[in-house]
Number of protein chains: 2
Amino acid sequence: MIECVKCGQVDAIKRAGFVRGKQRFHCRHCSYHFVVADPAPAKPARRQATIMDIAQHLGISPSTVSRALLNRYGINERTRAEILRVAQELDYQPNLLAQSLSNSETHTIGVIIPDIERPFFASVVSGIQQVASASGYRVMVCQSNESHQMEVANVQALVASRVDGLLICHSTETTSFDHIRLPHRKGLPIVHFDRICEDIDTSKVVQDDYGGGAAIAEHLLRQGCRQLAIFAGPPELLISRRRVEGFLSTLADQGIAADGVRVVHSHFKPDEALHTLREWLQSPAPPDGIFCVHYGNAIDMMLDLKQRGIRIPEEIAIAGFGEDRLAAVIEPGLTTIHQHPFQIGRQAALLFLNQIMAPESFVPTTHQVKGELIVRQSTLRRG
Amino acid sequence: MIECVKCGQVDAIKRAGFVRGKQRFHCRHCSYHFVVADPAPAKPARRQATIMDIAQHLGISPSTVSRALLNRYGINERTRAEILRVAQELDYQPNLLAQSLSNSETHTIGVIIPDIERPFFASVVSGIQQVASASGYRVMVCQSNESHQMEVANVQALVASRVDGLLICHSTETTSFDHIRLPHRKGLPIVHFDRICEDIDTSKVVQDDYGGGAAIAEHLLRQGCRQLAIFAGPPELLISRRRVEGFLSTLADQGIAADGVRVVHSHFKPDEALHTLREWLQSPAPPDGIFCVHYGNAIDMMLDLKQRGIRIPEEIAIAGFGEDRLAAVIEPGLTTIHQHPFQIGRQAALLFLNQIMAPESFVPTTHQVKGELIVRQSTLRRG
DNA sequence: GTGAAAGCGCTAACAA
DNA sequence: TTGTTAGCGCTTTCAC
């Protein structure tokens, strides 16, 4: 029960706003406004200091403090200096949540990748972070584990967290894209990278998969391979298709028909690779040149070939796509296309920033990152 | 200018709270309360729906909607059903910012690691994410790039974002820990992993570095190595020191004095490793067994030894610590301690959850994750 | 230059 | 069972 400090009345008291963070009361009996003395100095639990704390400390209003902290113009230099001093003293850290809620931007980018443990994605994330943090953005990373359902859940979580944008590489499972379409329609900046969705009008960063596949084919032909085979990914996976298409196109240019090339689709699993390899080896005309759309399968196969005592590259040449470190360390060295994943990440982040900076003039762009053919022993049959 | 809808007065109008999200006015002239007709149906820009939108749609109060959405008890089933229907219809997604601000918890864990591109940390992060997302937590990852300054900045950013906890592996540069001490004092749950700080009373997850080093030493001795050498990290780096200590302790047990073992400190850089290797090889009694505290240096050295035509393990046996994939693929296979980084991540997240769940009864715990000696060809000098 | 007050979207204590 | 109100910490008119 609050009683009026002037007339002692108790039931005519109404709250009437705040003064310096304290409840102000109004007595309707004697028309008197007052503030009760601090009733609870009870909570010494060291909270984070707020703008209000600084304001009270100096006997000024929170809005002035806010302005000073935000470096707004029209503030007395002495006031500003005082405010900064006290802020320092109280170890004030702005509450980004409150800030975000107020200006409805979080300065956070949501990133969805299939699996952070794959070096390719780890590098992409690193590239994104570099650009992001240089521009004052934080990054929230989610993994879909190649599950469509997880991917959808991740998108929802990030949207609910009100990220300022979404950078996404779809899971292999993903064939329907409504979960992306909705936030996209609501104007959330979205950038696709690596595994993109062609049906949505977003900015995209893609690998030159077609060119990479073509380069591998050309190289294998030059090395004298004639019985070619491709171990590919799921048929619905765009990047796999593109690599295969590029490969086949080069062959076509050289007058080699596509049906002369074995193409096996898979989910990139090691046992699938080994099983296929066995079948190839048992066929009447085993391949003398193998292209694995995913470097991991190339390594699976190499280890198996070595165990079988089959010489690489003399009997079978083998090439992969991606992941440089392992390819460089295995023996013989694995010929691959280096993808520059860090650059892919950087580009994705840059496209997002472009869109954020100039939303009106923004037009979705597709940026292509060229791979680099790195020739190692696994394919060098000549010179 | 607002004029009273009853008496037409203009200067006796005062704002008087809100009704259904609309401004309510009070005319002091005729004592009439009113709400002006929606002045601006101008913004069809599809915003995210809010609780208020649902409430207005149904002519009920926002708190009822909130309660229904939060599955609180004491809500009419029919009302709840209606609310859920409309929520679905409007594609309502709760604004996590507002929620967080309101209950001052973000359900976000901040993670600071030196470098996501290192497979060890990528796995740790993955382990953290698994546990976190299973408990409804999001994860925000920052990289320090082994820079103390970046690490401090990261801590501040995460604290400002009001993460519910901090999981951190310090940079090699970090020797002062005040940036951790402050939030720790304010009660922010902090878990250290891998590279810990012993002076702060936090939960910790550590590798059994001592045991790992000991196991390597024992194994090398069994293989008949007698001239041992250690390529270590910075002397101030705890995990490096522990591995070395474990190694030396085993030797001591076998009556081998520590000064009979060459120990070189470094920053793990490849050229440092190669330089040291050259010196060792040129010494009067080159080592026949090398332990690299960091697997990367072991690989650097192996590649160099192979180029020099020095046989591994016959002439020199070599062992590393960590990173299984590369170690398995290089030839000869590299003997290492597998660290189970995914488990380390899981444990760190679990310790955080423990603290969150029962803050009163919480006592900082140190959890040790045992490594696993994986013996491969690089050290097998006997059967 | 500064302050009062509204508002961001939500939860929770209290009242009805 | 529901509504009213205050409050989370900040920014931003608008008024003085």
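Order of the sequence lines fixes the chain letters, A, B, ..., with proteins taken first and strands second; residue numbering starts at 1 for each chain.
Atom CG in A:Leu96 sits 11.0 Å away from atom OG1 in B:Thr106 (nearest 0.5 Å).
Each of B:Pro62 and A:Leu101 lies near DNA chain D, and the nucleotide nearest B:Pro62 is the one positioned closer to the 5' end.
Put simply, NE2 on B:His107 is 12 Å from P on C:dT11, counting in whole angstrom units. Distance, B:Asp53 CG to C:dC8 P: 11 Å, rounded to whole Å. Rounded to whole angstrom, the span from the CD1 atom of B:Ile54 across to the P atom of C:dC10 amounts to 8 Å. One atom, CD1 of A:Ile51, and another, C1' of C:dG3, lie 14 Å apart when rounded to the nearest Å. Rounded to whole Å, the distance from CG on B:Asn95 to P on C:dG7 is 18 Å.
Classified by interplanar angle (parallel below 30°, tilted 30° to 60°, perpendicular above 60°), the ring pair A:His148/A:His179 is perpendicular.
Ionic pairing of B:Arg78 and B:Glu82 is not present here: no N-O contact between side-chain nitrogen and carboxylate oxygen is shorter than 4.0 angstrom.
Shown here is B:Glu89, whose CD atom has more than 12 heavy atoms of other residues, nucleotides or ligands within 6.0 Å. Applying the 6.0 Å contact sphere to CD of B:Gln149 captures no more than 12 heavy atoms from other residues, nucleotides or ligands.
For B:Leu70, counting side-chain heavy atoms from C-beta on, the closest listed nucleotide (D:dT11, C:dT11, D:dG9) is C:dT11. The nucleotide whose nearest atom lies closest to any side-chain atom of A:Ser102 is, among C:dG9, C:dG3, D:dT11, D:dT11.
When every heavy atom of B:Ser100 is checked against every heavy atom of A:Leu97, the shortest pair comes out as CB-CD1, 3.7 Å. Heavy-atom minimum distance, A:Val141 versus B:Gln129: O-NE2, 2.8 Å.
B:Ser171 is not listed as a side-chain neighbour of B:Met150, based on a closest heavy-atom distance of 4.5 Å or more. Looking at heavy atoms from C-beta onward, B:Val159 lies out of side-chain contact with B:Leu182 at the 4.5 angstrom threshold.
Nucleic acid contact for A:Leu97: none, since no nucleic acid atom lies under 4.0 Å from a heavy atom of the residue. Heavy atoms of A:Ser104 sit nowhere under 4.0 angstrom from any nucleic acid atom.
DNA chain D lies under 4.0 Å from at least one heavy atom of each of the following residues of residues 72-90 of chain B: B:Gly74, B:Ile75, B:Asn76, B:Thr79.
Between the base of C:dA4 and the side chain of A:Ser63 there is a donor-acceptor pair shorter than 3.5 Å. The base of D:dG3 is paired with the side chain of B:Arg67 by a donor and an acceptor separated by under 3.5 Å.
Within the structure, every side-chain polar atom (N or O) of B:Ser66 is placed at least 4.0 Å from both OP1 and OP2 of C:dC10. Residue A:Gln99 places none of its side-chain N or O atoms closer than 4.0 Å to OP1 or OP2 of D:dG9. Contact annotation: B:Ser61 side-chain N/O to D:dG3 OP1/OP2 distance is under 4.0 Å.
Listed by chain and residue number, nothing satisfies the ring pair (Phe, Tyr, Trp, His ring centres under 6.0 Å) test with A:His184 (two or more places apart in sequence, or in another chain).
Taken over five-pair windows at either terminus, the axes of the helix from C:dG1-D:dC16 to C:dA16-D:dT1 are inclined to one another by 40° (rounded to 10 degrees).
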